[in-house]
Amino acid sequence: MLDIKRFRNDLETIETALKHRGHPLNDMTSFMQLDTKRRELLQQAEQLKNQRNVVSQDVAKKKKAGENAEDLIKEMREVSDQIKTLDEELREIESQLEQILLTLPNILHSSVPIGKDEDDNVEIRRWGDIPTFDFEPKAHWDIATNLDIVNFEAGAKVSGSRFLFYKGLGARLERALINFMMDLHCIEHGYEEMLPPMVVNRNSMVGSGQLPKFEEDAFKLENDEYFLTPTAEVPVVNFYREEILSAEHLPKKYVAYSACFRSEAGSAGRDTRGLIRLHQFNKVELLKFVKPEDSYDQLEKLSENAEKVLQLLNLPYRILSLCTGDIGFTSAKTYDLEVWLPQSNMYREISSCSNCEDFQARRAGIRFRRDHKSKPEFVHTLNGSGLAIGRTVAAILENYQQADGTVKIPEVLQPYMNHVREISIK
RNA sequence: GGAGAGGUGGUCGAGCGGCUUAAGGCACUGGUCUUGAAAACCAGCGAAGGGGGGACUCUUCCGUGGGUUCAAAUCCCACCCUCUCCGCCA
């Protein structure tokens, strides 16, 4: 959420940012009119409330003294009616203002490349050597099916399309990756581990920015205001909702595993095969709560921490700075990590690392105090996948496949898989 | 799911229609005293939003949302959460 004061002082920056995002900004003037109207009404209401408070004291005094206060009471009855009317108008205007504020995306950082869509994202660097094969590399879904480590049909039967079963060494590989990543980030990178709830309430979804705008993307539980979490970012960001942290405890760094649930509305026909786009997938997520002046350094470190996973798995990747037209709603700046998939002959997103600045903190009311005397300020929040597990499995299957259909296990994972060195056909 | 008890500032805790501008304690900050510290004493100490150049000032906030009243932390209704006991359960 953006600071309403910024609209009064710095409307131009907001309009420019929205334009670069391709966000329509037609009701800016009516928004400003509402804001002005709100302040007018507020002043009227407050003046009347002050009158009511003062006169009510007089009523109390008169009654105490045994005097008649009927005239005052009669007068205040009218004043109270006026207050009620004004308060209703105010409530209406404030809810309109809030509705607009909640649907406006974050302001972009000045270093974000200007562009229209994903084609305009800027590559920052590449890592790793793209493997060469002396045979035609297979798609991960064919490899997995041949090895009998994933079952898509059973997923479709038991749940529906875009659900699946992992089995045997497939399930083991998925679990090994979760443990490997959690250990790396906890032990090597100093993140604190969290295992959050995977069902969250509406306030949490609004706090981290999924709602009200993207309700059709979420899985909602019938008859309840509960949602299946689309990412561990939602519960972990909201861990500190409406709280004031002390500066000495910042930065706070968390790593959380969760299953993630996405309705994938509007992506019918895209990536219908394999592990790339599912209704349910596993993810290890990195979260940071930091001081505003640190957040861009912390973004670099965050993406480096995510990159480290790919380096240790020896998977080639590139890192992109998302352009203004492709960047997410809550983010001020985002790096995407894309891993190499040999069969597709292209890089595919496997992690997204974002600095949300104070956008989520403002929605969720997460603040900190520099010292005992100072006023609370909003923290900056960052999040990044570290990494998406299913897509990592896909990358391992495709990059580590052998001519005979077997798949080697990356060395760093072997200790997590009872020292299995390859997955072969039974 | 049933029955009870509760939710008040950073924390503990009083208040149960108008002398509350939310008492008091603790914590915290500054000061006095002290070689230094502790203790003691003095003072300060919540958030959000308005107005003003500023010193200031006003409004709102006692789990959340409604209602009653001239006036609500206090009364009424609904909901949420916590605790205790019972039932059920991995």
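Because the structure is a prediction, the values reported are computed rather than measured. Proteins come first, then strands; the chains are lettered A, B, ... in the order of their sequence lines, and each starts at number 1.
Taking a pair to require two hydrogen-bonding distances under 3.5 Å in either a Watson-Crick or a G-U wobble arrangement, B/C75 pairs with B/G67. The nucleotide B/U82 finds its pairing partner in B/A5, both defining distances of the Watson-Crick or G-U wobble pair being shorter than 3.5 Å. Nucleotide B/G46 forms a pair with B/C61, judged by Watson-Crick or G-U wobble geometry with both contacts under 3.5 Å.
Taking the six-membered ring where tryptophan is involved, the planes of A/His279 and A/Phe163 are tilted, since the angle between them lies from 30° to 60°.
For B/A71, neither phosphate oxygen OP1 nor OP2 lies less than 4.0 angstrom from any side-chain nitrogen or oxygen of A/Asn53. In terms of phosphate contacts, A/Arg38 brings no side-chain nitrogen or oxygen within less than 4.0 Å of OP1 or OP2 of B/G49. Under 4.0 angstrom from either OP1 or OP2 of B/U69 there lies no side-chain N or O belonging to A/Ser80.
Closest to the A/Arg52 side chain, of the nucleotides B/A47, B/G49, B/A71, is B/A71. Listed nucleotides B/C70, B/G50, B/C58 differ in distance to A/Asn50; the shortest reach to its side chain belongs to B/C58. Among the nucleotides B/C19, B/C70, B/G50, the one closest to the side chain of A/Gln57 is B/C19. Closest to the A/Ser56 side chain, of the nucleotides B/U68, B/G50, B/A71, is B/A71. Side-chain proximity of A/Arg91 to the nucleotides B/A48, B/G66, B/A71 is greatest for B/G66. Listed nucleotides: B/A47, B/G50, B/C70. Nearest to the side chain of A/Glu46: B/G50. Ranking B/G18, B/G50, B/A47 by closeness to the A/Val59 side chain, first place goes to B/G18. With B/A48, B/C70, B/U59 as the candidates, the nucleotide lying closest to the side chain of A/Lys49 is B/U59. Distances from the side chain of A/Gln43 to the nucleotides B/G51, B/A71, B/A47 place B/G51 closest.
The pair A/Glu215-A/Arg202 meets the salt-bridge criterion, since a charged nitrogen lies less than 4.0 angstrom from a carboxylate oxygen.
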